[in-house]
Amino acid sequence: MSQTKQHFRGGCQTERPVQHQYKNDPGVYVTRESMEQFLNACRQEGRTAATICRYGKLLESLYKYLPEEKTIYYGTLEKWRDSLLEKGYVNGTVNSFLSVTNVYLDYIGHREYQVPDRLKLNSDAQPELSREEYLRMLQTARRLGKDRVYLLIKLFGTTDLSVQELSKLTVEAVKDGRLVIDFNRSKKTVRIAAVLQKELLDFITRKGYTTGPVFQTKDGRPMNRAYVTRMIRAICPAANVPEEKGSTRCLQKLYQSTRADIRSNISLLIDQAHDRLLEQEQFTVGWE
């Protein structure tokens, strides 16, 4: 990251608004053009498509947080940091938001607005959700007739869809069996397993949805992290699962660890099959 900063420093300047909110604090004007220039510079530095996509999403979150004038003043990023914590982001994730923003500010030549202090990580220990607990949550949601919660638990437990991307899960995507997220020239494909696709289609039919997002609040707004977490945690007591495990992060971590275990098993099977092949060849042509 330090090499990136050194390469980027002074790489782009942004025009500032004529009027400013604070006296003696001109602020720095954030534009989508400068964000795209920053991402292009990251590509030239050899960053992977996944990294560019992540950088873009973090900067887009900052851009949406900024008021209409889209200007960062002294104290703006500290307030943004606090708002992220209130939404339920853990310290490590918030540090990632700020780290990317700091590099962006370095790139446009405004290091004076960086937030140098990183949040401590000792309180970020992520609880482990076991597969048995995951299944109990699904069974409890089904028993209580909470079909929407059931599907949310299964969705985050069987895909790498993030809660910020939930609004992109549309009726059309479910019918297609996959969701392609295109952001700043980077693409992410989320595969929907056949068993989940069938249940989602049944849910869509019951709700009478014909297009648009599958999951939304009662008044039609996209679900945010806090809203989804409240719904999932409401199931936990009846499922005999600690409430701190009722989060999209724990479900996604279970998905990732499950996939990692499967990959390890496949790798072991490949090694065993290769050893058997070598043993057979040794029997035929080995130096005995």
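The chain is numbered in sequence order, starting from 1.
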Using side-chain contact (heavy atoms from CB on, under 4.5 Å), reason through Leu62 and Trp80 one step at a time and then give a plain yes or no. CA-CA 8 Å; Leu62 169 65; Trp80 181 45; 3.7 Å; yes
Go through Leu151 and Leu200 one step at a time and tell me if the side-chain contact (heavy atoms from CB on, under 4.5 Å) criterion holds. CA-CA 7 Å; Leu151 289 171; Leu200 285 170; 4.0 Å; yes
Full working for side-chain contact (heavy atoms from CB on, under 4.5 Å) between Asp275 and Gln272: CA-CA 5 Å; Asp275 287 346; Gln272 291 173 345; 5.7 Å; no
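The shortest side-chain heavy-atom distance between Tyr65 and Ser61 does not fall under the 4.5 Å cut-off. The side-chain heavy atoms of Leu129 and Lys253, taken from C-beta on, include no pair separated by under 4.5 Å. Contact annotation: the side chain of Glu133 never approaches that of Cys250 to less than 4.5 Å [non-hydrogen atoms, C-beta and beyond]. For the pair Val174/Gln197, a side-chain contact is recorded, criterion being any heavy-atom separation below 4.5 Å from C-beta on. The closest side-chain heavy-atom distance from Arg259 to Tyr255 is below 4.5 Å. Using a 4.5 Å cut-off on side-chain heavy atoms (C-beta onward), Tyr55 and Val103 make no contact. Annotation: side chain of Lys70 is not in contact with side chain of Thr31 (no heavy-atom distance under 4.5 Å). Side-chain contact check for Asp160 versus Gln252: every heavy-atom pair is 4.5 Å or farther apart.
In summary, Glu244 and Arg233 do not engage in a salt bridge, as defined by a charged side-chain N under 4.0 Å from a carboxylate O.
By the side chain to side chain donor-acceptor pair (under 3.5 Å) test, Glu165 is found to be paired with Lys57, Ser162, Lys188, residues two or more places apart in sequence or in another chain being considered.
Using modelled atom types, one finds a donor on one side chain and an acceptor on the other under 3.5 Å when comparing Ser34 with Tyr104. Defined by atom type and a distance below 3.5 Å, a donor-acceptor pair is present between the side-chain atoms of His110 and Glu112.
Each of Thr158, Asp176, Leu155, Leu169 was checked for a side-chain contact (heavy atoms from CB on, under 4.5 Å) with Ile192, and the lone residue meeting it is Leu169.
Residues Val180 and Ile52 are members of separate hydrophobic clusters, defined by side-chain heavy-atom contacts under 4.5 angstrom among Ile, Leu, Val, Met, Phe, Trp and Tyr.
Applying the ring-ring contact (aromatic ring centres under 6.0 Å, His included) test to every pair with at least one member in residues 205-230, sequence neighbours left out, gives these pairs: Phe203-Phe215.
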What side-chain donor-acceptor pairs closer than 3.5 Å can you find for residues 137-150, not counting sequence neighbours?
residue	atom	partner	partner atom	Å
Thr140	OG1	Arg136	O	2.8
Asp147	OD2	Arg206	NH2	2.9
Arg148	NH1	Gln216	O	2.8
Tyr150	OH	Lys154	NZ	2.8
Tyr150	OH	Glu199	OE1	3.4
Tyr150	OH	Glu199	OE2	2.8

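Here OG1 of Thr93 is found 9.5 Å from CG of Leu84. Values are rounded to the nearest 0.5 Å. To the nearest 0.5 Å, atom CD1 of residue Ile270 and atom CG of residue Asn265 are 11.0 Å apart.
Without hydrogens or angle criteria, Thr229 side chain to Ala226 main chain gives no donor-acceptor distance under 3.5 Å.
Annotation for Val28 and Tyr113: closest pair CG1-CD1, 3.8 Å, computed over non-hydrogen atoms. Across all non-hydrogen atoms, the minimal contact from Tyr29 to Thr71 is CD1-OG1, 3.9 Å.
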